[in-house]
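One is the number of the first residue; the rest follow in order along the sequence.
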Amino acid sequence: MTDKNRLYAGAAVGLVAAAALGFGVARVTQAPPPAPVATADTAAKTKPNTIVAMPPQAVAASGITVAPAAAGELDAAVLASATVDAAPDAEAVLTARAPGTVTRIFVRIGDPVRAGQTLALVESRDASQIAADRAAAAARVTLASRQLARERTLLGQGVSPRADYETAQANLAVAQADAQRASAAAGAAGVIGDGRSVAVVSPVSGRLTSASAALGQFVAAEAELFRIVDPSRLQITANVPPADATRVRTGDRVELVTNDGQMIQGRVRSATGVVDPRSRAATVVVTPTAGSSVLLPGQLVQARIFASGGATPHGVMVPQDAIQSLGDQSVVFVRTRGGFRAQAVKLGARSSGMVGIIDGLTVGTPIATANAFLLKAELEKESAQ
């Protein structure tokens, strides 16, 4: 390589080095690119959605139950087994009012029955005797009335003494009293117009749940023939431990849970205040306030009584099913005018299906209890879109 070629090569190397140095300095000294400006649309996309729009018809169709958050500590909720019964005036056991033979049956099990409806006829010799006594008493009233009218006429003519007239008055009064007694006996026995049969009549409206009578069967006066129950008028009797019974007050809120998980709201109607010597438990009577159509007489349910006698004004507790997880937060769904809103809460202790709320919820706030997971699924579906 000649000296001239060496000179050209060195110049080229120097130019390349200078260019590289200038590019590096420019990268270091140039201003950083401007940060992207946040808009309302991007802010809305980053903010998590907490609202679930749902009309009342959809809430009812989905089976979502709404109840107010209860006051009290966890030990204020009393758990008890309970039995569904018909109200005392909504159930009737029908018997024949006189012994005899069943001659007519007008209903079958499951038929609707109205108050005052005749279900069967029983032919009875006692009914014949009662009808005969009623007819004889009526005849004596007629005779006494005629005798009194005759004595009144004779007294007016001065032919008969006044004592005879007064005796006739007394005889009519006795005959009328005897006729009233005979008529009442016939009515109590249910004697019908043929004078030989008694009618088995329902005193309540409802459905026929039991029928043990058969045509041609001889029945005693005290034998049960039919049982009528009105399933729309129910009461629930809960067996409460004696230690908890003293904390239960009339009007306390009750949640009734069936075997299939359905929840029915109720209120404490009364408490006996006495411990049953056989069950060693006190009886609390609960009246369902909503959802009683899913209950049947004889059904067993679980009762959760929010005893106000053990409640504190600062404690809040909700059913465990009301708590849902959204991301890293525990939430409950608060009922709003247009649907539900996910409300973040801080959880406390758990006991017997209940959860204490430390922060984020106040007493009385209406929240979704049963099937709240459907609201969580709806939010997650909207977030995925």
Side-chain angles (χ1 to χ4, degrees), residues 46-56 58-80 244 247-249 251-257 261-268 286 288-291 302-383:
T46 57
K47 183 179 179 181
N49 183 24
T50 61
I51 302 299
V52 179
M54 185 173 291
V59 174
S62 61
I64 297 174
T65 303
V66 178
E73 302 298 336
L74 288 181
D75 60 358
V78 178
L79 296 180
D244 295 325
R247 300 191 287 112
V248 178
R249 303 287 185 269
D252 284 349
R253 188 170 70 87
V254 182
E255 290 181 351
L256 305 168
V257 182
Q262 298 189 64
M263 183 179 296
I264 298 95
Q265 300 295 325
R267 293 284 177 180
V268 173
V286 178
T289 57
Q302 185 75 14
R304 183 184 291 120
I305 304 172
F306 297 91
S308 59
T312 61
H314 305 294
V316 181
M317 57 183 178
V318 300
Q320 186 169 334
D321 292 342
I323 305 296
Q324 301 296 320
S325 297
L326 287 180
D328 58 351
Q329 288 186 326
S330 296
V331 301
V332 295
F333 287 91
V334 177
R335 187 74 166 97
T336 62
R337 180 174 298 179
F340 293 88
R341 172 176 52 83
Q343 174 68 43
V345 293
K346 185 177 180 181
L347 305 183
R350 298 172 184 259
S351 175
S352 302
M354 300 296 293
V355 181
I357 303 298
I358 299 176
D359 189 26
L361 191 65
T362 57
V363 174
T365 302
I367 62 172
T369 54
N371 293 333
F373 68 91
L374 298 176
L375 301 173
K376 172 187 174 180
E378 187 67 22
L379 275 185
E380 292 177 342
K381 182 177 68 175
E382 293 179 359
S383 301

- Gap between atom OG of Ser325 and atom NZ of Lys376 - 0.5 Å precision: 5.5 Å
- Any chance you could lay out the side chain to side chain contact (heavy atoms under 4.5 Å, CB included) test for Arg304 and Val78, step after step, and finish with the verdict? CA-CA 6 Å; Arg304 183 184 291 120; Val78 178; over 6 Å; no
- Query: With sequence neighbours excluded, what pairs up with Ala58 under the side-chain contact (heavy atoms from CB on, under 4.5 Å) test?
  - Reply: Met54, Pro55
- Message: Suppose the criterion is side-chain hydrogen bond (donor to acceptor under 3.5 Å, both in side chains): which pairs have a residue in residues 365-374, not counting sequence neighbours?
- Response: Thr362-Thr365
- Query: How close do Arg253 and Pro68 get, heavy atom to heavy atom, and via which atoms?
  - Reply: NH2-O, 3.4 Å
- Quick one: closest heavy-atom pair of Ala322 and Ala368, and the distance? CB-O, 3.3 Å
- Task: Can you measure from CD (Gln343) to OG (Ser330) and round to the nearest 0.5 angstrom?
- Result: 12.0 Å
- Heavy-atom closest contact (Ala69 atom, Val316 atom, distance): CB-CG1, 4.0 Å
- Item | Ionic contact status for Arg249 with Asp252, cut-off 4.0 Å | no
- Closest contact, heavy atoms only, Arg267 versus Val254: C-CG2, 4.2 Å
- Query: Considering residues at least two apart in sequence or located in another chain, which fulfil the side chain to side chain donor-acceptor pair (under 3.5 Å) criterion with Asp321?
  - Reply: none
- With Pro366, which residues qualify under side-chain contact (heavy atoms from CB on, under 4.5 Å), at least two apart? Val66, Arg335
- Message: Going by the rule side-chain contact (heavy atoms from CB on, under 4.5 Å), which residues pair with Ile51 if we only count those two or more places apart in sequence or in a different chain?
- Response: Asn49, Arg341
- CD/Gln265 to CG/Leu256 distance, rounded to the nearest 0.5 angstrom? 8.0 Å
- Only one of Leu375, Thr336, Leu374 forms a side-chain contact (heavy atoms from CB on, under 4.5 Å) with Val52, so which one is it? Leu375
- Item | All side-chain contact (heavy atoms from CB on, under 4.5 Å) counterparts of Ala342, not counting sequence neighbours | Thr50, Leu326, Val331, Phe333, Leu379
- Query: What's the verdict on side chain to side chain contact (heavy atoms under 4.5 Å, CB included) for Val318 and Ile367, showing C-alpha distance, side-chain angles and the deciding distance?
  - Reply: CA-CA 9 Å; Val318 300; Ile367 62 172; 3.4 Å; yes
- Residue pair Ile264, Thr65: steps toward the side chain to side chain contact (heavy atoms under 4.5 Å, CB included) verdict: CA-CA 9 Å; Ile264 298 95; Thr65 303; over 6 Å; no
- Task: Check step by step if side chain to side chain contact (heavy atoms under 4.5 Å, CB included) holds for Gln302 and Leu79.
- Result: CA-CA 7 Å; Gln302 185 75 14; Leu79 296 180; 4.0 Å; yes
- Item | Inter-residue atom distance Leu347.CG - Gln329.CD, 0.5 Å rounding | 11.0 Å
- Task: Answer yes or no: is there a side-chain heavy-atom contact under 4.5 Å between Ile64 and Phe340?
- Result: yes
